[in-house]
Amino acid sequence: MGRKRDFQQQKEHNLKMRNKGTDNNSDIASVKGKGLSRNLIIITSALIVAAVVFLVFLPTLKNEFLLWDDDKLVTDNVYIRSIDLKMVNWVFTHLGLTTWHPITFISFALDHAIWGLDPKGFHLTNNIFHSLNALLVFLIVFRLVEYAVPNIKGGVVSEMAVVSGVVTALLFGVHPLRVESVAWVTERKDVLYAFFYLLSILAYLKYVSSKNRSLGSYLLSLLFFIMSLMSKPMAVTLPAVLLLLDYYPLRRIHAGMRMERIKAVVIDKIPFFLFSAVISFVTLSMDHPAEAAVKMAKYTFMERIYMSLHSYIFFLYKMVLPVVIAPFPIITSSPENALLLLIGALVLFLAITTLCLYLLSRSRVYLIAWLFYIITLLPVANIFRFNGGFSRFTYLPSLGPLLLVGLFSGSLYTGASKKSLKALVLISAFSITLLYASKTVSQIAIWKDTIRLWSYQLEIFPGRLPEVYNNRGMAYRMEGQLEEALGDYNKAIEISEKKEKTYNNRGIVYEMMGRYEEAIADYNTAIIIAPGYVKAYINRGDCYAKLGKMQEALRDLTKAIELDPVYINGYQKRAGVHAALGNTELALEDYASYLSIYPLEPDIYFSRGSLYMYEGMFDDAVKDFSKAIELKPGFLEAYGNRGTSYMNLTNYSKAIEDFSMVIKLAPQSDIAYISRGVVYLYMGNPDLAEKDFIKASGLGNKEADKYLREIRPESRK
């Protein structure tokens, strides 16, 4: 953007151009907005961008939760089911899967409070944040272009700033590489960390532009940065990005600057770098270093370098031609062509870097965009640990290359002398946006459900990834398609090196088929491969219980609890076995252990309440059923059992209320009609009892006919 000048020459030139009433670059036109205010033009452009992006991703609202981390982080995560101190303590002291992101979990808890477990609400939140991010991208690009090419005077808007901002933001927002981050609920952390990251940059720009270096704007930028770090640690790159912006277009760093100014630029970054260091340490210390080391140990030094360079070139290629986007890309190479691919990736990487340095004499923007891309992608570039090549990694890094496209479009538009040429630029930008949006919509459909997602993956890379067969097998199992699940698990066992998980999963399918001996054989194999595999012990214990081998079941479940005393499923299963053996006190102890770890599980209160009811401890049963209903409104079975407990306590009015609620929730419940009819009999009201028995009889309940004959002989059929 203009020939390179030192800072003082640039400042004098800009001032001279302002006095002449023109911009500091002859091909930069300006628009007075045809009567529209500057703010209205900016706000309208930003809102249009956000609306377009939101509409493109609207189909995500039809998508389901995926059996790919959505289950672990959302649907099976008991800690997001309430907003209280226990939830807050958990989100700040536990990892997600591999990283620390408490704000992401808090957003899940808020969604759950509003939507329950309706995936539509979670997808809506992702879409809203992504649309807001596109809006913020427009505002940032607009501001940066105006810094690079200052405005003529107040109220005038640079055409280049508007066009560059709109094109960059739209391409960012509708690009098919965004689908993984937006259409996958688990990747809420992408849209959240980017949201706060971009807000931090905006606040920093305001801080820099204020005459007195507003402390409020600085602190706001720092706060947004911290929130970004707490959404996803990938935000650690922001301090380096701010230094890039200081160099260009803010020009706070330049040749010949005084030491005082250098200190000022460095000092205001120190808190940012400190928080980056702290979060990096926390993430690495809370990560699973042994597992990460095993993954990296599989690759030679040459392969690691290749994968690192490849990720940079691979993502650039996908930004230009997003024809095939695999959910689980494969970026490793075979030993025989690793050297050739390494050389190719290195040559391309160095060629791009050399070109940016060569163009530095014409404009700094090329180098800044390339360095932004390198720096923001660095945390996941397979240098320090193996991360793969997932498209979600490009969420913010893609802004570097896309900014160049936006600036090129803006420059062509403002440099065009005829309206027809301007229209051609806009039509071309619109066509590319439409092309990408169309691919995005088709890509969203691939993420519709687990089976569709992994079937698409296997079309691209058949027979390559055992975890994909495992994941699809789990989805088939959940859908009751057991033969299909068995086929996938067989294939996973065939190609996998680490097989204990697959044997365990296949054992579950055999168990569901009633093939218990084969199930136990698979659980045995899983335990032989991994003697500390808790889930295999629990599943084998459960299978033994179904076979009536209670002592073997008790042994396995006790072993599972010894291996992992905080894995609550072990207590739940063992409580059931103790209850079946008549060890009521031991069963109650296990339920209490479960609830001491997580006291917000309605099904456990229901199970313990049912045990109390069976043992004739109806007061305790009522308390547990009431707690279950409190935690899970509309808990049909809890209302029914509490009604029965009230009936045994001769609290007939409360029993009538509960059975009536069951009937309201499930009008076809013949048992509820019979139960309420019996209570009416106890209350001395045979007329109302008869009505309920008649209703139950009409629903096919034969016991109702017996009651009818007893209370009204003339009602016999």
Side-chain angles (χ1 to χ4, degrees), residues 1 7-8 10-11 14-15 18 38-39 42-43 46 103 132-151 153-154 157-158 161 164-165 168-169 192-232 234-254 257-279 364-365 368-369 371-372 375-376 396 399-400 403:
M1 297 183 187
F7 181 76
Q8 187 60 33
Q10 181 70 51
K11 183 176 179 181
N14 291 346
L15 180 60
R18 285 195 183 95
R38 167 187 170 85
N39 287 340
I42 296 171
I43 293 171
I103 287 183
L132 290 175
N133 288 341
L135 181 150
L136 293 174
V137 168
F138 167 80
L139 294 177
I140 290 172
V141 173
F142 181 90
R143 292 290 303 278
L144 293 179
V145 173
E146 288 201 327
Y147 272 110
V149 187
N151 295 326
K153 50 190 172 181
V157 180
S158 165
S164 299
T168 304
L192 267 183
Y193 105 86
F195 177 69
F196 293 117
Y197 196 106
L198 296 170
L199 281 177
S200 181
I201 291 177
L202 268 180
Y204 182 77
L205 294 178
K206 186 174 181 180
Y207 158 72
V208 170
S209 64
S210 59
K211 292 182 180 179
N212 299 320
R213 293 289 189 264
S214 166
L215 179 61
S217 297
Y218 176 81
L219 292 177
L220 196 59
S221 177
L222 185 60
L223 174 63
F224 285 140
F225 172 53
I226 295 170
M227 295 180 74
S228 183
L229 288 170
M230 292 166 64
S231 300
K232 186 176 184 179
M234 196 170 171
V236 295
T237 59
L238 181 61
V241 168
L242 295 182
L243 284 175
L244 285 181
L245 296 180
D246 281 338
Y247 174 68
Y248 187 80
L250 301 179
R251 297 185 177 89
R252 297 183 71 201
I253 302 175
H254 57 85
M257 65 187 295
R258 296 178 180 179
M259 182 57 66
E260 291 78 9
R261 291 186 59 83
I262 294 176
K263 288 181 179 179
V265 172
V266 172
I267 288 173
D268 64 22
K269 302 301 180 305
I270 290 177
F272 288 85
F273 278 110
L274 284 176
F275 278 107
S276 285
V278 169
I279 294 300
R364 304 176 185 180
V365 70
I368 294 300
L371 288 176
F372 176 89
I375 291 170
T376 52
L396 276 185
L399 285 176
L403 173 63

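Throughout, numbering of the chain's residues begins at 1 and tracks the sequence.
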Q: Determine whether more than 12 heavy atoms belonging to other residues, nucleotides or ligands lie under 6.0 Å from atom NZ of Lys206.
A: no

Q: Specify the closest pair of heavy atoms between Ala369 and Gly400, including all atoms of both residues, with the distance to one decimal.
A: CB-O, 3.5 Å

(Q) With a 3.5 Å distance limit and no angle check, can you tell me whether Ser221 reaches the backbone of Ser217 through a side-chain donor-acceptor pair? (A) no

Q. Is the side chain of Ser164 donor-acceptor paired with the backbone N or O of Ala161 at a distance under 3.5 Å, no angle test?
A. no

Would you say that [X] contacts [Y] through its side chain, given a criterion of any heavy-atom pair below 4.5 Å between the two side chains?
| X | Y | answer |
| --- | --- | --- |
| Ser209 | Tyr147 | yes |
| Val141 | Leu399 | no |
| Ser158 | Phe142 | no |

Nearest 0.5 Å, what's the [atom1]-[atom2] distance between [X] and [Y]?
| X | Y | atom1 | atom2 | answer |
| --- | --- | --- | --- | --- |
| Thr376 | Leu396 | OG1 | CG | 7.0 Å |
| Leu199 | Met227 | CG | CE | 9.0 Å |
| Leu403 | Leu144 | CG | CG | 7.5 Å |
| Phe224 | Leu202 | CZ | CG | 9.0 Å |
| Leu220 | Tyr204 | CG | OH | 14.5 Å |

Quiz: residues 234-245 side-chain donor-acceptor pairs under 3.5 angstrom, not counting sequence neighbours:
from: Thr237; atom 1: OG1; to: Tyr197; atom 2: OH; distance (Å): 3.0

Q) side-chain contact (heavy atoms from CB on, under 4.5 Å) with Ile226: which residues, sequence neighbours excluded? A) Leu222, Met230, Phe275

Q.
Once you measure the plane-to-plane angle for Tyr218 and Phe272, does it fall in the parallel (<30°), tilted (30-60°) or perpendicular (>60°) bin?
A. perpendicular

Give every donor-acceptor pair under 3.5 Å between a side-chain atom in residues 132-139 and any protein atom, sequence neighbours left out.
from: Asn133; atom 1: OD1; to: Phe195; atom 2: N; distance (Å): 3.3
from: Asn133; atom 1: ND2; to: Phe129; atom 2: O; distance (Å): 3.3
from: Asn133; atom 1: ND2; to: Val191; atom 2: O; distance (Å): 3.0
from: Asn133; atom 1: ND2; to: Tyr395; atom 2: OH; distance (Å): 2.9

